[in-house]
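My questions will all concern the structure given below.
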Protein chains: 2
Amino acid sequence: MNRKRNCDDDTREFKSKNLEVERRRREKLSRRLLMLRSINPIITNMNRGTIIVDAITYIEKLQDEVQSLSQQLHQMETTSEETAEAKIDEVEAVENMKNWGIQAEVSVAQIDENKLWVKIIIENKRGGFSKLIQTLNYFGIELIDTHLTTIKGAFLITSCIQGKDGERLEINQTKNLLKDIINDM
Amino acid sequence: MNRKRNCDDDTREFKSKNLEVERRRREKLSRRLLMLRSINPIITNMNRGTIIVDAITYIEKLQDEVQSLSQQLHQMETTSEETAEAKIDEVEAVENMKNWGIQAEVSVAQIDENKLWVKIIIENKRGGFSKLIQTLNYFGIELIDTHLTTIKGAFLITSCIQGKDGERLEINQTKNLLKDIINDM
DNA sequence: ACCCACACGTGAGGC
DNA sequence: TGCCTCACGTGTGGG
């Protein structure tokens with residue numbers, strides 16, 4: 001502890017051998033502390049001790065952030081698994097349609113001045129049919145009576161439709177609308 | 001630097017006033033370094049300097065992790081917006097059913113020894129109908145002829161079904177299967 | 001003057 | 001032994 005250097009060492013200063021080594025060590029430690037402070041965006045003070053405290057709190061914050069993010073990501077992945085399955089189903093549906101030589105088709109015929117008869121053959125996309133119905137509903141088209149059959153990856157739909165509020169439906173417009181809807185799926 | 005204490009201070013050791021204070025400071029710093037080391041799962045050495053280096057590398061790793069996770073989360077959110085829309089549609093569908101007093105319903109009747117007639121009223125879940133069809137298909141049930149109407153957030157389905165390969169269908173089993181499928185949606 | 005934080009040089013102990 | 005790390009007590013400069 002207390003330096004026991006004798007008082008008789010007169011003028012000649014006796015340097016320890018590890019003087020320079022110790023100096024290097026201190027410098028290295030200081031540089032590393034500055035490094036630690038430089039990558040930490042949250043700094044309260046530039047004291048030697050507060051640098052470490054800030055680093056601790058920053059690490060804890062990052063750990064919480066990682067945990068929270070991975071948690072959110074995990075539950076988002078689990079909820080979107082069915083979407084992935086749907087994608088696979090759609091691919092298989094197209095394959096089936098190709099294998100069986102089924103061609104997509106849209107036919108529209110006039111029944112009377114208010115009603116049209118439509119026949120649609122499309123690939124069996126997951127949710128495609130209900131989306132078709134909803135889209136038609138959005139465009140003011142009401143499905144009165146509908147037949148539907150699924151065969152080997154295809155929807156076969158025949159339906160009697162009319163415009164809401166007695167609005168007249170044009171054959172070509174309706175046909176183009178149906179094609180657009182199917183293409184958008 | 002060199003202590004200038006006169007050699008005439010004889011036996012009485014003169015303690016600096018900041019001796020204890022400095023001691024507290026050192027202890028505090030050591031404790032904080034141990035804290036920093038304790039929350040760091042990646043430890044190469046327990047040296048004073050390597051503790052800081054490990055903390056730096058750990059912070060950098062955490063930062064990269066946070067960036068990567070938030071990036072993945074962001075692009076997953078953008079791709080799953082449509083799912084959120086579907087959820088909203090489902091909620092609205094249930095609201096509509098409640099507003100119009102439509103009750104979910106499953107009825108099954110026997111047509112002949114091979115065919116059953118079913119009537120189903122369910123909420124208009126996005127993709128629910130095609131999932132119903134696919135699930136029935138998975139359980140070996142074939143839909144021969146199907147009527148479907150959507151009214152105010154509900155599917156009204158009447159269908160003639162039979163078992164594949166001439167397999168007989170029991171009424172109660174089929175009814176329970178349909179209920180299970182609907183509950184799983 | 002005081003307080004606080006830091007750097008300094010050195011001895012002790014482990015490998 | 002030498003090398004390396006740490007704790008110690010103190011001097012010093014800034015607020």
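Chain A is the first sequence line, chain B the second, and so forth, proteins listed ahead of strands; every chain is numbered from 1.
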Should we say atom CD of A/Glu167 is surrounded by more than 12 heavy atoms from elsewhere, each under 6.0 Å from it? no
Pairwise side-chain hydrogen bond (donor to acceptor under 3.5 Å, both in side chains) hits with a residue in residues 35-61 of chain A, at least two apart: A/Thr44-A/Asp54, A/Tyr58-B/Gln63
Assigning hydrophobic clusters by single linkage (Ile, Leu, Val, Met, Phe, Trp, Tyr; side-chain heavy-atom cutoff under 4.5 Å), is B/Ile59 placed with B/Val53? no
Under a 4.0 Å heavy-atom cut-off, which of residues 43-57 of chain A touch DNA chain D? none
Does A/Ile42 belong to the same Ile/Leu/Val/Met/Phe/Trp/Tyr cluster as A/Leu34, with side-chain heavy atoms less than 4.5 Å apart forming each link? no
Once you round to the nearest 0.5 Å, how far does CD1 of B/Ile51 lie from CD1 of B/Ile43? 7.5 Å
B/Glu105 and B/Ser107 side chains, donor-acceptor separation under 3.5 Å: yes
Within residues 18-29 of chain B, which residues have any heavy atom lying less than 4.0 Å from an atom of DNA chain D? B/Asn18, B/Leu19, B/Glu22, B/Arg23, B/Arg26
Check the pair B/Glu20, B/Arg23 against salt bridge (Lys or Arg N to Asp or Glu O under 4.0 Å), reporting the backbone distance first and the verdict last. CA-CA 5 Å; B/Glu20 294 183 5; B/Arg23 194 173 300 178; over 6 Å; no
